[in-house]
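Positions are given from 1, in the same order as the sequence printed here.
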Amino acid sequence: GVEVGPQPQGVLRADILDKMRKIVKHGLDFVQLFNEGKEFPPCTIEVFKITEKVDYPRNKDDEVIAIIHPKLQDQDWQPLNNGDPLFLTLDGGVIAYKEDCTVYPTFINEAAYYEKKQAFVKTVKLKLSAKHIGSSVS
């Protein structure tokens with residue numbers, strides 16, 4: 001499966017649909033070339049691994065007491081460093097990110113995850129390497 005977003009439920013966005021079409025086409029092209037016996041050289045790719053789901057700050061009654069900070073909104077896949085703002089409390093205070101390692105948040109303030117108590121997820125950037133790929137079919 002392929003999931004391309006962010007895109008709110010019930011909304012069709014031409015730019016997101018175009019990205020989805022391109023990735024599906026590339027996948028089908030790869031399968032065709034592989035099935036025809038093409039050899040692919042070794043490669044390295046950057047990926048993001050989810051490390052933690054982060055909830056909105058809540059009080060003892062489980063009520064949300066802060067929202068996504070404006071500087072974090074719409075910054076999916078961008079580096080988040082120690083001291084960067086995460087949340088804006090309802091009384092105007094700022095809750096900052098307080099960890100030494102850089103993370104790359106995504107699914108930031110997505111409506112579909114609100115009821116799951118997920119403000120965003122933290123990811124780390126990794127590099128994966130693949131040896132050459134080839135079909136044994138001639």
N/O donor-acceptor pair under 3.5 Å between Asp61 side chain and Glu63 backbone: no
Asn35 (side chain) donor-acceptor with Gln32 (main chain) under 3.5 angstrom: no
Gap between atom NZ of Lys71 and atom CG of Leu88 - 0.5 Å precision: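 Nearest 0.5 Å value for the CG-NZ distance: 11.0 Å.
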Ile95 CD1 to Ile68 CD1 distance, which is reported to the nearest 0.5 Å: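 The CD1 atom of Ile68 is 10.0 Å from CD1 of Ile95, to the nearest 0.5 Å.
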Do [X] and [Y] have side chains that get closer than 4.5 Å, going by heavy atoms?
{"X": "Leu86", "Y": "Leu80", "value": "yes"}
{"X": "His132", "Y": "Pro42", "value": "yes"}
{"X": "Asp74", "Y": "Ile108", "value": "no"}
{"X": "Asp76", "Y": "Pro105", "value": "no"}
{"X": "Leu17", "Y": "Arg13", "value": "no"}
{"X": "Gln73", "Y": "His69", "value": "no"}
{"X": "Val121", "Y": "Val54", "value": "no"}
{"X": "Leu33", "Y": "Glu36", "value": "yes"}

Residue [X] excluded, over 12 heavy atoms near [atom1] under 6.0 Å:
{"X": "Ile45", "atom1": "CD1", "result": "no"}
{"X": "Asp100", "atom1": "CG", "result": "no"}
{"X": "Ile23", "atom1": "CD1", "result": "no"}
{"X": "Arg58", "atom1": "CZ", "result": "yes"}
{"X": "Leu12", "atom1": "CG", "result": "no"}
{"X": "Glu115", "atom1": "CD", "result": "no"}

Lys49 to Leu126 - nearest heavy-atom pair and separation: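 For Lys49 versus Leu126, the nearest heavy atoms are CB-CD1, 3.8 Å.
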Contact summary for Pro57 and Ala66, nearest pair of heavy atoms: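 So the two residues come closest at CG-CB, 3.7 Å.
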salt_bridge(Lys19, Asp15) N-O dist < 4.0 Å: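 Looking at Asp15 together with Lys19, the answer is no, because their closest N to O distance does not fall below 4.0 Å.
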Short N-O contact, Asp55 and Lys116, less than 4.0 angstrom: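 Result for this pair is no, no salt bridge flagged.
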Side chain to side chain contact (heavy atoms under 4.5 Å, CB included) between Asn109 and Tyr56, worked out: CA-CA 9 Å; Asn109 206 25; Tyr56 295 88; 2.7 Å; yes
Test side chain to side chain contact (heavy atoms under 4.5 Å, CB included) applied to Phe87 and Ile67, step by step: CA-CA 5 Å; Phe87 298 102; Ile67 57 175; over 6 Å; no
Pairs meeting criterion salt bridge (Lys or Arg N to Asp or Glu O under 4.0 Å) with involvement of residues 120-130, two or more places apart: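 Listed once each, the pairs are Glu46-Lys125, Glu52-Lys122, Glu99-Lys122.
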Val94-Leu90 co-clustered via ILVMFWY side chain contacts under 4.5 Å: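 Yes, same cluster.
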Val124 reachable from Ile50 in the ILVMFWY side-chain graph, under 4.5 Å edges: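 No.
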Residue of the set Phe48, Trp77, Phe120, Tyr97 for which ring-ring contact (aromatic ring centres under 6.0 Å, His included) holds with Tyr104: Phe48
Sequence-distant partners of Phe107, ring-ring contact (aromatic ring centres under 6.0 Å, His included), two or more places apart: Tyr113
Cationic tip of Lys38 above Phe40 ring, under 6.0 Å, 45° of axis: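 Satisfied, under 6.0 Å and within 45°.
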Residues Thr106 and Thr123: side-chain donor-acceptor under 3.5 angstrom: no
